[in-house]
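Right, one structure below, let's go through it.
Just so we're on the same page: letters track the sequence lines, and every chain starts at 1.
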2 protein chains.
Amino acid sequence: MNTASHKTIKNILLESKEYFKIAISVDCVILGFENGELKVLLIKSDLEEFKDEWSLLGDLVRPDEDLNTASYRILKSRTGLEDVFLEQVYTFGDLNRHPAGRVITTAYYSLININDHQLKLAHNQIHWHPVNELKSMAFDHKLILDTCMKQLRERVMEHPIVFNLLPEKFSLRELQSIYEAILGIKLDRRNFRKKFFLMDWLVDVDELEEDVPHRPGKLYRFNKEKFQN
Amino acid sequence: MNTASHKTIKNILLESKEYFKIAISVDCVILGFENGELKVLLIKSDLEEFKDEWSLLGDLVRPDEDLNTASYRILKSRTGLEDVFLEQVYTFGDLNRHPAGRVITTAYYSLININDHQLKLAHNQIHWHPVNELKSMAFDHKLILDTCMKQLRERVMEHPIVFNLLPEKFSLRELQSIYEAILGIKLDRRNFRKKFFLMDWLVDVDELEEDVPHRPGKLYRFNKEKFQN
DNA sequence: CCAAAAGTGTTCAGGTTACACCCATGA
DNA sequence: TCATGGGTGTAACCTGAACACTTTTGG
């Protein structure tokens, strides 16, 4: 016999009291591009268990902020940047992923122009670390980083997001070297140019590179008008 | 001056006490294929606020189980099925998504063969609902469903997952109609066959359909040997 | 004048699309 | 015999990959 009584909000709260023993955090894989390689913003772990290990930037989610707000908060507090590209990737919920207790974390990755961000290296233990040189990290952060990199590689093939790593104006060489760094492959210069002009993602700003020890290339900007629908 | 003292586990627990006020749940988009259309397993909401609205199958995550375990538990308790395809999609953390309080939910989607699952319709309010006929749902579940469907459409283009919706042996017509239902487009029969045989995803089991009111088609099974590396 | 990178087209191979007729079965 | 879907091949098109020489600038 089905005598299903509808639960009230109060009932739900009472019944689920036991479950409010899990903390939730967000971790940000903040990526930049410098000297031809991808770098990720890391901090020395402040846990004894992971002393001297690198950790992603993250924090517990506050009860009065949603997940995206939390990741933006972390990003802004660490880089000073607003209006940046940020995308959720995956949620990691293994039982023992955090030595302090049950902490489920949602991973985001962000692409920023490394030069917009004035890092105060002297004041903290945050630094830009080449992604490819990381062997191990605190917690399950290596897994989180790898997962974000995998998603990034998929996304850049379909969506115009790498421009977030570049200044307003950039050369085709810079653009290409970012793709090469992300995908880990060499690309053909002629095919690369052809493809981008066909896709109509670029706008010629009619300026040239300066202070380069070779023939200066033309500068372009991202054709954002094409994508703001 | 940086006098960074490493935090102990105990410190972390004490400092974060305030944060254990968020509950975490998982919601499962359980999909099946029947009569030429995709269906999702739903239940009438047991909340007053959403009386008569359809809800995904979900539950709070227990402190002693990880996220994947929680979604498998829900799937098994509702369908009786084990060893099924289940994939995490996205985590929804808006402040007011649940009227009972702060509940962050991680969405999973699952693909099952609808005939393997003996539904006890009389005993509960669970039923299979055509995905395309759903206009609104309880909570933010319509958004969750749409997000899962979007990911499903991307995944089926690259990965051999639709076989989870089919019985062991199936005809090419059944396989094609699943792709058409998921992608929402008509496909060319000749090109579809050509492509699948080229990809080597199918094994001819040397049997024919039975009880069809037309020329019976050959039956195939998924070439799982090819993918179990 | 040398080094370094910019700029520029064509060819080939492989994959995707479009398309129509005969066949086997059950009613 | 009719209705229904099964089974089959070819040509046009498009996309991606491979590939080399001349030009411009700074040193």
Could you check how far CD1 of A:I185 sits from C1' of D:dA17, rounded to whole Å? 12 Å

Using 30° and 60° as the class boundaries, would you call the ring planes of B:F50 and B:F139 parallel, tilted or perpendicular? tilted

Report yes if the distance between the aromatic ring centroids of B:H129 and B:W54 is under 6.0 Å, otherwise no. yes

Separation of C:dG15 P from B:M199 CE (nearest whole Å): 12 Å

Counting only N and O atoms by type, is there a donor-acceptor contact under 3.5 Å from the side chain of A:T105 to the main-chain atoms of A:S25? yes

Between NZ of A:K195 and P of D:dA17 the distance, given in whole Å, is 8 Å

Please give, in whole Å, the distance from C:dA5 C1' to A:L172 CG? 12 Å

Could you go over nucleotides 19-22 of chain C and give all protein N or O partners under 3.5 Å, atom names and distances?
residue: C:dC19; atom: N1; partner: B:R190; partner atom: NH2; Å: 3.4
residue: C:dC19; atom: N3; partner: B:R190; partner atom: NH2; Å: 3.3
residue: C:dC19; atom: N4; partner: B:D188; partner atom: OD2; Å: 3.4
residue: C:dC19; atom: N4; partner: B:R190; partner atom: NE; Å: 3.4
residue: C:dA20; atom: N6; partner: B:R190; partner atom: NE; Å: 3.4
residue: C:dA20; atom: N1; partner: B:R190; partner atom: NH1; Å: 3.0

Without decimals, in angstroms, what is the distance between B:R193 CZ and C:dA18 C1'? 17 Å

Is it the case that more than 12 heavy atoms not belonging to B:K218 sit under 6.0 Å from its NZ atom? no

Kindly say whether the aromatic ring centers of B:Y220 and B:F170 come within a distance under 6.0 Å. no

For the ring pair A:Y90 and A:Y108, is the centre-to-centre distance below 6.0 Å? no

Between CZ of B:F197 and P of C:dG15 the distance, given in whole Å, is 17 Å

Roughly how many Å is it from NZ in A:K218 to C1' in C:dA5, rounded to a whole number? 16 Å

Distance, rounded to the nearest Å, where B:H214 contributes NE2 and D:dG7 contributes C1': 13 Å

Between A:P216 and B:P216, which is nearer to the 5' end of DNA chain C once each is assigned its nearest nucleotide? A:P216

